[in-house]
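All values below come from the heavy atoms of this structure, side chains included, with hydrogens, waters and symmetry mates left out. Chain letters run A, B, ... following the sequence lines, proteins first and then strands; every chain starts at 1.
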Amino acid sequence: MEKTIYNSLIQIISKVQGLDINPAEDRLIEIEMPRQETFGDLSTPVAMTLSKRLKKQPRKIAEEIVELIDSKDIYEKIEIAGPGFINFTFSRQFLSKKLSELLISGQDYVKEDVGHNKKIQIEFVSANPTGPLHLGHGRGAALGGSLSNLLRETGYHVVNEYYINDAGRQVKLLGLSVYARYRQMSDAAYPFPEDGYRGDYISDLAKEFVEISSKDHIDSLTEDDLVSEITDFSYKKMLNEIEADLEAFGVVFDVWQSEKELFKGNSTSEVQRAINDLKDRNYIYEQDGALWFRSTEFGDDKDRVIVKNDGEYTYFASDIAYHRYKIEQKYDELINIWGADHHGYIPRINSVIEALGYPKDHLKVLLVQMVTLLRAGTPVQMSKRSGEFITLREVIDEIGADTTRFLFLTRRPDSQLEVDIEVAKAQSQENPVYYVQYAHARINSIFEKAKETGAVDLGADADSGTGLYAVKLPDFNPDLFNDEEMRLIKKLLTYPMVLKNAALAHEPHRITFYVQELAGMFHPYYHRNRVVSEDRALTATRLNLCKAVQIILRHGLKILGVNAPDRM
RNA sequence: GCCCCCUUAGCUCAGUCGGAUAGAGCACAGGUUUCCUAAACCUGGGGCCAGAGGUUCGAAUCCUCUAGGGGGCACCA
């Protein structure tokens with residue numbers, strides 16, 4: 001729909017007198033969905049944009065443009081309105097033709113090639129493997145998972161990556177905490193590390209370790225070896241749990257990159273090679289016995305230490321190596337999704353990208369704001385150390401993965417989110433996710449009915465339980481569509497535009513809103529119009545529309561990572 | 001002290017890289033089932049877009065300041 005207008009405008013504007021520009025450049029031609037129906041189906045403010053350059057009145061320019069549009073059969077009318085908008089209203093024939101295309105190509109109809117197969121890596125969650133994922137991680141997971149679905153559907157080659165902080169102090173602390181719990185099993189007075197992890201899962205890990213290890217084996221180890229074995233066991237166990245939780249949440253990673261790996265090989269390690277690289281580029285110097293990275297060169301507040309005066313690498317050192325490693329994989333674009341509490345880290349990581357010779361925007365950091373957790377109105381303290389936190393798993397079990405994902409994706413990532421567990425549970429009957437899913441299921445049920453009456457033949461070799469997706473539809477007669485149905489069709493045909501814009505903006509939540517709007521049009525339609533009736537031609541026509549709605553709903557939900565059930 | 005994000009209806013939030021008269025859902029009040037699923041539908045009231053300036057044909061949107069909320073400013077991770 002959008003493309004039809006865009007292409008004709010491109011042609012026309014290049015013919016407009018006195019214009020010395022390429023209309024394809026500068027996003028000169030914008031096409032938007034007007035908020036009022038009286039303003040047509042799509043509209044463009046391009047005449048107003050051009051008025052500056054042409055020094056002519058917008059309405060005059062609009063008139064010239066409209067004059068030159070020749071494909072009158074596509075539009076029912078083209079109007080100039082307000083300060084100079086050109087409003088397009090499509091013809092019934094054109095819209096019906098587009099509807100047929102949608103029905104014929106199904107899910108493929110929406111394939112918008114925005115990405116042109118660009119390689120893009122998204123790193124997200126990357127929580128320390130020192131405990132279960134909490135709800136905040138869930139928000140990052142929901143965004144990352146859906147963004148990667150969105151970009152894949154719009155022609156990008158996407159790799160999802162999880163960076164495992166398995167080398168630093170936190171993992172050591174995990175090991176020491178579990179070790180202390182192990183010792184306490186026989187000696188209750190054994191001291192617990194001061195900033196150790198205090199959650200119940202620590203004791204569970206200790207117990208499990210004892211269960212799988214023979215006593216002889218444990219006794220044969222020195223204390224240091226035992227600690228390191230426990231550490232290894234513990235973080236791997238946590239990592240498995242994290243992976244399982246993410247899978248239950250519908251998020252799958254292509255690559256699990258270990259930080260430890262970056263240190264392998266000493267002088268030839270990724271970390272060392274990254275430091276050497278920066279040294280060669282003159283961004284490294286020594287001071288006070290430490291090694292510094294000159295990040296102020298690129299706008300950071302202060303230079304950053306990468307090797308401390310005790311010879312230990314900082315966390316930042318492996319981060320430099322990791323990002324250099326990413327760059328070497330020849331991605332066209334890198335995306336990191338971080339919790340907002342890490343935002344202070346952005347300038348220094350951008351400095352790394354620039355120091356390595358890449359433009360700053362080669363890496364985009366998307367921040368996910370904090371999730372404040374409430375239980376019946378009172379905040380739940382979240383602290384891994386004290387062990388007081390609500391896990392993602394717990395929330396999935398209580399309110400379901402679909403609801404949780406949908407909830408996260410109905411907010412812009414950069415606004416803080418309050419989740420009241422009790423409210424989320426209590427509202428489960430009125431939750432917007434069910435509203436959308438129900439529309440999908442309801443359409444299925446209409447087709448079941450149609451099958452009973454013999455109006456349609458549900459194929460047996462289907463890709464879904466009921467066979468709806470293999471159904472052979474009877475022909476429809478576009479003249480039978482009423483106004484409400486035409487509105488629904490127009491809404492369906494704007495979906496590719498929404499998808500494209502969401503992909504460009506990296507904003508999956510736009511799909512959430514679209515899908516709610518579509519369901520919000522379908523339910524009332526259903527109540528006012530009987531689909532399956534005595535009238536064969538009308539039934540056929542309406543079934544086609546229902547299927548189109550379902551195709552789009554299913555596609556949208558797929559991007560969000562939410563199930564599209566056949567029955568509820 | 002410095003930096004980042006947020007502030008839109010009673011509540012939770014949208015608002016398309018500046019566009020036409022600012023929108024949903026929830027909540028609240030009332031109504032709908034001999035009919036393809038009532039997890040649905042219909043009707044109704046609701047707004048100084050935090051405040052003040054500025055930029056321009058046009059500002060909830062961009063800039064400056066102020067107020068409130070959250071977060072960050074390590075040779076920690």
Side-chain angles (χ1 to χ4, degrees), chain A residues 27 30-36 38-39 43 45 48-49 51-52 57-58 81-85 87 128 130 165 167-171 173 195 287-292 301-302 304-310 312-316 319 339-347 367 369-370 372 407 410-420 423 427-439 441-450 452-453 455 497-498 501-502 504-505 507 509-510 512-513 516-517 519-520 522-533 539 542-543 546 567-568:
Chain A
R27 292 183 304 234
E30 283 176 63
I31 294 167
E32 42 189 52
M33 298 175 237
R35 51 165 166 262
Q36 262 194 59
T38 51
F39 299 151
S43 92
M48 290 180 285
T49 317
S51 81
K52 266 175 234 161
Q57 290 196 346
F85 289 97
N87 297 338
N128 285 340
T130 52
N165 295 116
R169 194 180 115 80
Q170 296 308 320
V171 166
L173 206 53
D195 345 303
Q287 192 183 303
D288 306 331
L291 215 57
W292 298 71
D301 296 340
K302 49 175 294 189
R304 306 290 171 176
V305 170
I306 52 181
V307 182
K308 298 187 268 181
N309 60 15
D310 63 3
E312 290 277 311
Y313 293 101
T314 61
Y315 179 83
F316 187 44
D319 237 35
D341 52 341
H342 287 77
H343 85 264
Y345 216 78
I346 295 176
L367 291 179
Q369 282 293 333
M370 302 287 94
T372 316
L407 185 73
T410 44
R411 264 86 168 174
R412 268 183 12 244
D414 59 0
S415 65
Q416 283 151 231
L417 172 60
E418 274 192 2
V419 177
D420 190 314
V423 173
Q427 270 187 351
S428 62
Q429 288 299 305
E430 308 147 1
N431 201 295
V433 70
Y434 296 108
Y435 185 78
V436 177
Q437 288 181 320
Y438 185 46
R442 177 169 254 173
I443 293 170
N444 240 54
S445 152
I446 294 171
F447 273 82
E448 295 284 353
K449 182 74 181 180
E452 273 173 39
T453 62
M497 238 177 121
V498 173
N501 290 329
L504 288 173
E507 289 180 353
H509 73 268
R510 295 190 193 195
T512 318
F513 284 90
Q516 286 186 87
E517 285 162 17
F522 180 76
H523 286 303
Y525 164 73
Y526 168 90
H527 278 273
R528 278 192 285 260
N529 300 274
R530 174 118 198 132
V531 177
V532 180
S533 67
T539 301
R542 291 185 169 168
L543 283 174
C546 287
R567 217 176 292 273
M568 287 176 73

Colleague: May I ask you to say whether A:R169 pairs ionically with A:E312, meaning some side-chain N is under 4.0 Å from a carboxylate O?
Modeller: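 A:E312 and A:R169: not salt-bridged.
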
Colleague: Just by modelled atom types, is the A:G520 backbone N or O under 3.5 Å from a matching donor or acceptor in the A:H523 side chain?
Modeller: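 No, A:H523 side chain to A:G520 backbone: no donor-acceptor pair under 3.5 Å.
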
Colleague: Select base, sugar-phosphate, or nothing to describe what A:A81 touches, counting heavy atoms under 4.0 Å on all strands.
Modeller: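 Base: the residue A:A81, judged by heavy atoms under 4.0 Å, touches a nucleobase.
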
Colleague: Provide the distance between the two C1' atoms, one in B:G10 and one in B:G47, to the nearest whole Å.
Modeller: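 Comparing C1' positions in B:G10 and B:G47 gives a spacing of 12 Å.
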
Colleague: Less than 4.0 angstrom between a side-chain N/O of A:Y435 and OP1 or OP2 of B:C41, yes or no?
Modeller: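 It does, given that an N or O in the side chain of A:Y435 lies less than 4.0 Å from OP1 or OP2 of B:C41.
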
Colleague: What's A:T453 touching, base or sugar-phosphate or nothing? Going by heavy atoms closer than 4.0 Å.
Modeller: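 Nothing: the residue A:T453, judged by heavy atoms under 4.0 Å, touches no strand.
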
Colleague: Would you mind building the protein contact string for nucleotides 68-77 of chain B? One character per nucleotide, 5' to 3', B for base within reach (heavy atoms under 4.0 Å), S for sugar-phosphate only, - for untouched.
Modeller: -BSBS--BSB

Colleague: Regarding A:M33, tell me which of base, sugar-phosphate or nothing describes its non-hydrogen contacts under 4.0 Å with the strands shown.
Modeller: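 Result for A:M33 = base.
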
Colleague: For A:D414, give me all partners under side chain to side chain donor-acceptor pair (under 3.5 Å), at least two apart in sequence or on another chain.
Modeller: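 Testing A:D414 for side chain to side chain donor-acceptor pair (under 3.5 Å), a comparison that skips the adjacent residues, returns A:R412.
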
Colleague: Taking any heavy-atom pair under 4.0 Å as a contact, classify A:N87: base, sugar-phosphate, or nothing.
Modeller: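 Contact class for A:N87: base.
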
Colleague: Distance from A:N444 atom CG to A:R567 atom CZ, nearest 0.5 Å?
Modeller: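 It is 7.0 Å, given to the nearest 0.5 Å.
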
Colleague: What do the steps show when you test A:V531 against A:K449 for side-chain contact (heavy atoms from CB on, under 4.5 Å), and what is the final call?
Modeller: CA-CA 10 Å; A:V531 177; A:K449 182 74 181 180; over 6 Å; no

Colleague: To the nearest angstrom, how far is A:N431 atom CG from B:C13 atom P?
Modeller: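 Result: 14 Å.
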
Colleague: Is there a side-chain contact between A:I31 and A:M497, using heavy atoms and a 4.5 Å cut-off?
Modeller: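 When only atoms from C-beta onward are counted, A:M497 and A:I31 do touch, with a gap below 4.5 Å.
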
Colleague: With rounding to whole Å, what would you report as the distance between B:A20 and B:C2 at their P atoms?
Modeller: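 Result for the P pair: 37 Å, nearest Å.
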
Colleague: Categorize A:A441 for me: base, sugar-phosphate, or nothing, with a 4.0 angstrom heavy-atom threshold over every strand shown.
Modeller: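 It contacts base atoms.
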
Colleague: So if I take every side-chain heavy atom of A:F513 and compare against B:C13, B:C36, B:C6, which nucleotide ends up nearest?
Modeller: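 Looking only at side-chain atoms, A:F513 lies closest to B:C13.
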
Colleague: To the side chain of A:F85, which of B:A40, B:A20, B:C36 is closest?
Modeller: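 Output: B:A20.
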
Colleague: Using the C1' atom as the reference point in each nucleotide, state the distance between B:G23 and B:C49 in Å, no decimals.
Modeller: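 Rounded to whole Å, the distance is 12 Å.
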
Colleague: Among B:G19, B:C36, B:A20, which nucleotide sits nearest the side chain of A:P34?
Modeller: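 Ranking B:G19, B:C36, B:A20 by closest atom to the A:P34 side chain puts B:A20 first.
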
Colleague: Can you give the dot-bracket line for RNA chain B, where a pair is Watson-Crick or G-U wobble with both atom distances under 3.5 Å, crossing pairs use [ ], and | marks a partner on another strand?
Modeller: (((((((..((((.....[...)))).(((((.......))))).....(((((..]....))))))))))))....

Colleague: Look at the side chain of A:S415 and decide which nucleotide, out of B:C13, B:A20, B:A39, has an atom nearest to it.
Modeller: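 Minimum distance to the A:S415 side chain belongs to B:C13.
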
Colleague: Among B:G15, B:C42, B:C6, which nucleotide has an atom closest to any side-chain atom of A:P524?
Modeller: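 The nucleotide sitting nearest to the side chain is B:C42.
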
Colleague: Side chains of A:L367 and A:I346, heavy atoms from C-beta outward: is any pair under 4.5 Å?
Modeller: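 A:L367 vs A:I346: side chains touch.
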
Colleague: Distance check needed: B:C5 P versus A:L417 CG, whole Å only.
Modeller: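 Going from A:L417 (CG) to B:C5 (P), I get 19 Å.
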
Colleague: Return no unless some side-chain N or O of A:R412 is found under 4.0 Å from OP1 or OP2 of B:C6.
Modeller: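 Checking B:C6 against A:R412, a side-chain N or O does come within under 4.0 Å of OP1 or OP2.
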
Colleague: Check for me whether A:R442 meets the cation-pi criterion with A:F522, that is, NZ or CZ under 6.0 Å from the six-membered ring centre and within 45 degrees of the ring axis.
Modeller: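 Because its charged atom misses either the 6.0 Å distance or the 45° angle limit, A:R442 does not stack over A:F522.
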
Colleague: Evaluate the side-chain proximity of A:N165 to A:Q170: yes if any heavy-atom separation is below 4.5 Å, no if none is.
Modeller: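 With C-beta onward as the side chain, the pair stays apart.
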
Colleague: Within the 4.0 Å heavy-atom criterion, would you say A:Q36 contacts the bases, only the backbone, or no part of the nucleic acid?
Modeller: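 If one applies the 4.0 Å heavy-atom cut-off, A:Q36 turns out to touch a base.
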
Colleague: Donor-acceptor pair, distance only, cut-off 3.5 Å: does the side chain of A:N529 make one with the backbone of A:Y525?
Modeller: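 Yes; judged by distance alone, with no hydrogens or angles, the pair exists.
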
